[in-house]
Every structure is written in structure tokens, then in C-alpha cells.
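Fair warning: this is a prediction, and the values are worked out from it, not measured in the lab. Read the numbers this way: they start at 1 and go in the same order the structure lists the ligands and their atoms.
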Amino acid sequence: MAEQFTGNFTQQEALGEEEMAAALDVMRSGRLHRYNIAEGEIGEVAALEQEYAAWQGAAYCLACASGGAAMQMALRAVGVEFGDFVLTNAFTLSPVPGAIVAAGGIPVLVETTEGLVPNLDHLERIAVESGAKVMLLSLMRGHLPDMDALMEITDRLGIAVIEDCAHSMGATWRGKRSGSFGVAGCFSTQTYKHLNSGEGGLLTSDDAEFMARATILSGSYMLYDRHVAGPSADAYSQARLDMPNCSSRMDNLRAAILRPQLRRLDANVARWAKRYAAVEAELRDVAGLTVIERPVDEVFVGSSIQFLRPEGSAQDFLRACAARGVELKWFGASQAVGFTSSHHDWRSVPQQELPQTDAVLAGLFDMRLPLTFSVDDCRQIGRIIRDCALHG
Ligand SMILES: *Cc1c(COP(=O)(O)O)cnc(C)c1O
């Protein structure tokens, strides 16, 4: 009998007793809005912002409604205006070009290497051609490009970098946290990411005036002095009346269930690493499969794994894996399916010729590794994929 995997690829871990107790406290208080605080109270959202800023090593943190909202506010706060070109990866998911379009920008897509990161030669060429002054760098599926080389190019060309860290929360490049290289880092606490509040986002930066603009944009009204992890009042002198209110706050209930999770994040990064390594070990040296080599300077979070299978029928391979309980996503499909889409599907983005990206996506398979999977589960998943690749 062929091995069969019976786990669920979309099942996250349950929240713990601490999260439940914290949520009950907020509900008992009735004070769910972030600015609804009792005398002398900081509030759950402001406390989360303080703790996240400390963990990330950032001067400031702003909690907001979603990762996508964090990106939109970051783009506006960095100065994107209607009709501006904004560079981003061709290989990413739809909320990334979506944030650029929502901020009034026009996405300019950068080619993707077989390491699943932006092609830096193409970045430089297209940056000069388009004249774009902002890049929304998506650290898609947690793959970090050579951040030193990328920042050298963007600094030289005067391009402000906003990092989309939806999949790289906890990753580092040469010991420096992802999200700390550019002007700002944008993080998601949506259920499938590294912290789970259903929906939610975190924006970090060391730039006081940038953060003041983002805070007003998020809908702080004139209550910005309640942001204990925000800049001091003088940073707001221009922003307070210049910036529109885009109502995109996080609430105390979600912040309350995120704070205990943040304390376990580093331990979870280690748990993900074991799961990733277990799958990867089975996929190495399999004819027709290429694992993605990770640079030595990168510490990544193994919450998902990708590999290339450039030859053979993708549909047959997907079906064979699915029949044995392994749900793979394929980025080469001709139509968007579920959460997976490609630049061809984004009609709000001007179409571009991206031959290198298309060649990579045609053979690119992707799989989540939720922490509900044991390391043994991951070994089994790896064996099944290997088997299906070799024998169909
Ligand atoms: C999920 C995701 C986001 C945005 O997160 P939301 O909180 O769902 O808005 C941004 N970038 C990538 C690559 C994502 O997968």
C-alpha cells in the first residue's frame, strides 16, 4: 500500500489558555477600541506595539487592520502619489500589487530568479527605465535576496524600500532582521502567517516623521499621543492635519491574543526549521526536482517550502500528490486558484513581459507547513512527493 498523508494543510495550532484568558479580560472590560482605555491604562494594542518594536529592534511600531493595510499606509507615508511607479517582485501574491494600486501607484514588476528572489540586474535596469523612487520588496515565501546588494542598488538610485515581511517575520540576513533594511517593515498576523489574529498587521520603522504620517493615516485622529511605541508629539506637526484618515486600526481583542503568541515566536521559528529540514531532506537529490538553495547569510522561517519541477505534466503530478493527501500549490497554472495567482492574473497591473519569471513559475510548486504537522508528518510528506515525482 502506498503511504497516505491524512493531515490538514490549512489547520493552524489552537490558541492557548493565555490567549483565551487575555481575550476574556478584554471582553469583560468592554474596551475593545484601541483608544478606549481606562485611566492609567496603556491598552492591549499599544502594549503589543511596544513589545513588537522591541522584538523587531525597531524604534516604532504601528498595529493595523491587516498586512495589506500596513503596506498601503507605508506606501502613502513614504510619499507615493497618484500615478507614481512602484517597483515590486513579479513573484508574489495579489495583496502586494493590490496595495500599490490602492495607494494610487502603478506596479513595475521585477523578474524572479530560480532562488525565488528579485533579479537584481533587472531591478537596476527597470528602476532606471521607470524612474521609480519606491520599491515594495516582497520577501515572498520568506526568500531573502542578497539584502546588502539590493540596498546598495536602491540607495545609489535614491529608491526608498518598504519590506513586505508577511512570510519573513523572524527571518534574518547576516543577523539583521528582515523588515529592518529599508524605511519600514510590513507584517501580517492573518491566520496563515507567523502570528494568528485572524486578520491584522504590524508596521515598523525607525523614521519618526514616516511613522507619524502612517499613524495619522491609520486613523488615530488627534489621539496619537496614546501610541507609546510611536514618535514624540513634535514629529506630528505636519502629518496631523495633512494626512487623510484611512481607518485601519487594530483592536484590543486581536492585540490581546497576539501578545502571548509573540513570546513564543522565536521558539516557533525553531519548530518550523525542523519541519522544513525534514521535507527538504526527502526532496534532495531526486531526479527532476530542484530544492531552492538557501544562502548561508539567510536565516529563514520554514513555514512553507517550494521546489522546482520544470519537466513533466504539472497537472498529473498535482493529482498524484493530492491522491495521497499532499496538497501542493502550483504557480504555473493558467488561472488563479485559491490564494495562488500570478502576474498574468492581475488585471489592475499593466502587463509586462517577464520571461524569466514565467519560466520559474511554470515549474514552481509550493506547500504550507503548519505547526500542527509533526516532524514525522513532514518526513512522510517529503517521501510522498519524492515518490510521485519519480513514479507519478
Ligand atoms: C498575506 C500576505 C500579505 C498581506 O497580508 P494580509 O494581512 O492578508 O493583508 C502581504 N504579502 C504577502 C506575500 C502575503 O502572502
Side-chain angles (χ1 to χ4, degrees), residues 9-10 12 45 48 52 61-76 86-103 105 107 109-110 112 116-118 134-145 161-171 178-179 182 184-204 214 217-218 246-251 254-255 257-258 261-262 272 300-306 329 331 336-343 345-346 348-349 357 361 364 366-370:
F9 282 81
T10 54
Q12 302 299 86
V45 182
L48 170 68
Y52 196 78
C61 176
L62 174 72
C64 36
S66 69
M71 295 190 290
Q72 289 176 38
M73 287 186 288
L75 291 167
R76 296 186 77 142
V86 177
L87 298 154
T88 193
N89 315 40
F91 170 50
T92 186
L93 292 174
S94 59
V96 179
I100 296 171
V101 173
L109 306 177
V110 179
T112 313
L116 307 185
V117 296
V134 176
M135 176 174 201
L136 179 56
L137 169 66
S138 184
L139 302 156
M140 176 63 176
R141 290 297 187 249
H143 294 272
L144 271 54
V161 175
I162 307 286
E163 293 170 72
D164 162 25
C165 305
H167 306 159
S168 65
M169 175 190 278
S178 163
C186 304
F187 303 83
S188 170
T189 64
Q190 188 239 76
T191 291
Y192 303 109
K193 314 297 165 90
H194 302 170
L195 297 175
N196 178 7
S197 61
E199 301 280 2
L202 295 158
L203 175 63
T204 58
L217 281 163
S218 77
C246 299
S247 271
S248 190
R249 296 167 299 271
M250 183 178 281
D251 57 85
R254 286 190 282 169
I257 62 173
L258 286 170
Q261 294 180 57
L262 178 58
W272 265 308
F300 61 93
V301 183
S303 53
S304 71
I305 188 165
Q306 295 72 44
K329 309 288 181 228
F331 277 94
V337 184
F339 287 107
T340 311
S341 64
S342 84
H343 68 96
D345 304 308
W346 308 331
S348 61
V349 175
T357 299
L361 295 186
L364 179 60
D366 170 46
M367 182 174 66
R368 282 200 193 104
L369 295 174

For [atom], grab the closest protein heavy atom and report residue, atom and distance to one decimal in Å.
{"atom": "atom 11 (N) of ligand 1", "result": "D164 OD2, 2.9 Å"}
{"atom": "atom 2 (C) of ligand 1", "result": "K193 NZ, 2.5 Å"}
{"atom": "atom 5 (O) of ligand 1", "result": "S188 OG, 3.3 Å"}
{"atom": "atom 4 (C) of ligand 1", "result": "G68 N, 3.7 Å"}
{"atom": "atom 15 (O) of ligand 1", "result": "H167 NE2, 2.7 Å"}
{"atom": "atom 8 (O) of ligand 1", "result": "Q190 NE2, 3.1 Å"}

Checklist outcome for this item: Short version for A166: what comes under 4.0 Å of ligand 1, heavy atoms counted, is side chain

Next on the checklist: Please work out, at 4.0 Å between heavy atoms, whether the side chain, the backbone, both, or neither of V96 comes within that distance of ligand 1.
Outcome noted: side chain

Item to check | Heavy-atom pair with the smallest gap, counting every atom of T357 and V110 | outcome: OG1-O, 4.3 Å

Next on the checklist: Looking at every non-hydrogen atom in both residues, tell me the closest pair between A336 and S341 and how far apart they are.
Outcome noted: CB-CB, 3.7 Å

Next on the checklist: Geometry only, no angles: is S138 polar-contacting ligand 1 at N/O separations under 3.5 Å?
Outcome noted: no

Checklist entry - Rounded to the nearest 0.5 Å, how far does SG of C246 lie from CZ of R76? => result 4.5 Å

